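Worksheet: the structure to be examined is printed underneath.
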Amino acid sequence: MAAKMEDSTRGSGDSSVTSSNMTEIPTVAQIIERQAASGESSAAGGGTGPPGSLHHPGFALFKQGAEARLYRGTFLGRPTVLKERFSKKYRHPRLDEKLTTKRTQGEARTVARARKAGIPTPCIYFVNYQSNCIYMEDLRCATTSRDYIVAVQSVGAGDSFRALQPIMDKIGKTLATMHDGDIIHGDLTTSNIMLKQDASATEPEVVLIDFGLSSVSQLAEDKGVDLYVLEKAFLSTHPNTETLFRIILKSYTKHSRKSKDVIKKLDEVRLRGRKRTMVG
């Protein structure tokens, strides 16, 4: 009898923990507020670097990738991220100049096409084709979906699925709109899918960033590969989240007019990927 009472008490304690976890799951707005208070910003990829740049006065370098450097500053009185594509020394100078300019033009045009299709992206203020720089909106009130997923899972393991489900549904809907507009992102990861929430907003907005590898294509194959890239990046960054990715695909299927052929191609790409892994 005592053992039963002890078990009952222990079960009651577990229930209170679960209830506590449910109330402690942070919202997107809370995560953004915490990052701002600690001096971090996933919209900027971390803290700022040196307080100035020889090439871009008033802008501070905060991130460098394989293709470009990102600076943060002010342009025309607005908080701005400056993306600068730099030259590759291993390429012939004329070829390098041509490729760099072409990719800068392509990214700017794709972002304009995406915004016209109703896809939330950072607003582009100015493009300098001489220096291959894009001046765009700095998403101050935003965090990456990567940081949000990690934060929710870390404090609410038991209830994280319920908390994350609406965000996954929005991501699927946004990707469906993008692909129906024949836009291929080319580098879909949870770090390139932002969640923006202003103080006045009741729900977060999904914003896509970094269209540096984007293209325009009507092929279901290209759209299937786009989803496959996200799936691989998603599962490698967030283990044991297969169910969450299925919500993205379910929402994508629901909102895309061309989902049937795309999902079919996704299954084919998955099969090729498994075969490649087995063969080595």
Side-chain angles (χ1 to χ4, degrees), residues 28 42-43 45 63 65-68 70 81 83 103 106-115 117-122 134 136 139 142-150 164-196 204-239 241-256 258-259 261-270 272-273:
V28 172
S42 10
K63 186 176 182 180
E67 297 289 332
L70 296 180
V81 168
K83 181 175 183 178
R103 288 174 181 173
E107 180 172 2
R109 288 172 180 170
T110 302
V111 170
R113 183 186 180 111
R115 291 181 65 84
I119 303 163
T121 67
I134 300 177
M136 67 187 79
L139 300 176
T143 185
T144 63
S145 57
R146 176 186 183 278
D147 286 352
Y148 180 65
I149 293 170
V150 170
L164 291 169
Q165 187 173 359
I167 300 298
M168 300 302 108
D169 186 73
K170 286 189 175 186
I171 291 175
K173 182 178 180 180
T174 302
L175 297 182
T177 303
M178 180 181 72
H179 282 171
D180 280 1
D182 296 329
I183 299 170
I184 310 300
H185 187 280
D187 190 22
L188 283 175
T189 67
T190 50
S191 294
N192 287 336
I193 301 175
M194 306 293 294
L195 301 176
K196 179 182 177 182
E205 178 185 29
V206 173
V207 182
L208 300 183
I209 65 170
D210 197 357
F211 284 79
L213 298 177
S214 64
S215 60
V216 175
S217 173
Q218 298 180 352
L219 297 177
E221 169 84 10
D222 292 336
K223 297 170 185 178
V225 170
D226 221 19
L227 292 178
Y228 181 71
V229 169
L230 176 60
E231 181 178 36
K232 296 294 286 186
F234 195 99
L235 299 182
S236 63
T237 305
H238 312 285
T241 53
E242 292 84 356
T243 304
L244 291 178
F245 189 78
R246 283 198 291 269
I247 295 175
I248 294 178
L249 291 184
K250 183 178 180 180
S251 176
Y252 180 94
T253 303
K254 176 182 177 181
H255 293 99
S256 173
K258 311 171 184 179
S259 62
D261 292 337
V262 175
I263 298 301
K264 181 179 178 181
K265 287 296 181 181
L266 171 60
D267 291 336
E268 293 177 6
V269 173
R270 283 170 170 166
R272 294 202 299 266

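Because the structure is a prediction, the values reported are computed rather than measured. One-based numbering along the sequence shown. Only this structure's heavy atoms are used, side chains among them; waters, hydrogens and symmetry mates stay out.
- In this structure, CD on Glu107 lies 10.0 Å from CD on Glu67, to the nearest 0.5 angstrom.
- Of the possible donor and acceptor atoms, none in the side chain of Arg146 sits under 3.5 Å from a partner among the backbone N and O of Thr189.
- By the 30° and 60° cut-offs, the orientation of the rings of Tyr252 relative to His179 is perpendicular.
- With a 4.5 Å cut-off on side-chain heavy atoms, Val225 and Val229 count as touching.
- Within the 4.5 Å cutoff, side-chain heavy atoms of Glu242 are placed close to those of Leu235.
- Using a 4.5 Å cut-off on side-chain heavy atoms (C-beta onward), Met168 and Gln165 make no contact.
- Summarising the geometry of Phe245 relative to Leu227, their closest heavy-atom pair is CZ-O, 3.7 Å, with the distance given to 0.1 Å.
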From CA spacing to verdict: salt bridge (Lys or Arg N to Asp or Glu O under 4.0 Å), Asp267, Arg270: CA-CA 5 Å; Asp267 291 336; Arg270 283 170 170 166; 3.1 Å; yes

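- In terms of modelled atom types and a separation under 3.5 Å, the side chain of Ser251 and the main chain of Lys173 share a donor-acceptor contact.
- Here the straight-line distance linking atom CD1 of Ile183 with atom OG of Ser217 works out to 11.5 Å at 0.5 Å rounding.
- Tested against Val81, the residues Ile134, Leu139, Leu70, Ile209 include a single side-chain contact (heavy atoms from CB on, under 4.5 Å) partner, Leu70.
- Once rounded to the nearest 0.5 Å, the distance linking CG of Leu188 with CG of Leu208 reads 7.0 Å.
- In this structure, His238 and Leu244 have side chains that are not in contact, with every pair of non-hydrogen atoms separated by 4.5 Å or more.
- The main-chain N or O of Thr253 is never found under 3.5 Å from a side-chain atom of Ser256 such that the two would form a donor-acceptor pair.
- Thr190 approaches Ser145 most closely through the heavy-atom pair O-OG, 2.7 Å.
- Surrounding NZ of Lys264 are at most 12 heavy atoms belonging to other residues, nucleotides or ligands under 6.0 Å away.
- Of the possible polar contacts, one joining the Asn192 side chain to the Asp187 backbone as a donor-acceptor pair under 3.5 Å is found.
- Panel note: side chain Arg103, backbone Gly212; no donor-acceptor pair is recorded below 3.5 Å.
- When all heavy atoms are compared, the tightest approach of Pro122 to Val111 is O-CG1, 3.8 Å.
- Looking at Leu249 and Leu266, their side chains come closer than 4.5 Å, going by heavy atoms from C-beta outward.
- A distance of 12.0 Å separates NE2 of His255 from CG of Leu175, quoted to the nearest 0.5 Å.
- Listed here is the closest heavy atom pair of Pro120 and Gly118: CD-O, 3.5 Å.
- Annotation: side chain of Arg113 is in contact with side chain of Asp182 (closest heavy-atom distance under 4.5 Å).
- Side-chain atoms of Lys170 never come within 3.5 Å of backbone atoms of Val206 as a donor-acceptor pair (strictly under, hydrogens ignored).
- Between Lys223 and Lys265 the shortest side-chain heavy-atom distance does not fall below 4.5 Å.
- We find the CD-CG distance between Glu205 and Leu195 to be 10.0 Å, quoted to the nearest 0.5 Å.
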CA sep, side-chain torsions, deciding dist, call: Thr110, His185, side-chain contact (heavy atoms from CB on, under 4.5 Å): CA-CA 9 Å; Thr110 302; His185 187 280; over 6 Å; no

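- Using a 3.5 Å distance cut-off with no hydrogens or angles, the side chains of Thr243 and Arg246 do pair a donor with an acceptor.
- Ile193 pairs with exactly one of Leu230, Ile167, Asp210 by the side-chain contact (heavy atoms from CB on, under 4.5 Å) rule, that one being Leu230.
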Test salt bridge (Lys or Arg N to Asp or Glu O under 4.0 Å) applied to Asp169 and Lys250, step by step: CA-CA 8 Å; Asp169 186 73; Lys250 183 178 180 180; over 6 Å; no

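- Contact check for Met178 versus Asp226: side-chain heavy atoms found under the 4.5 Å cut-off.
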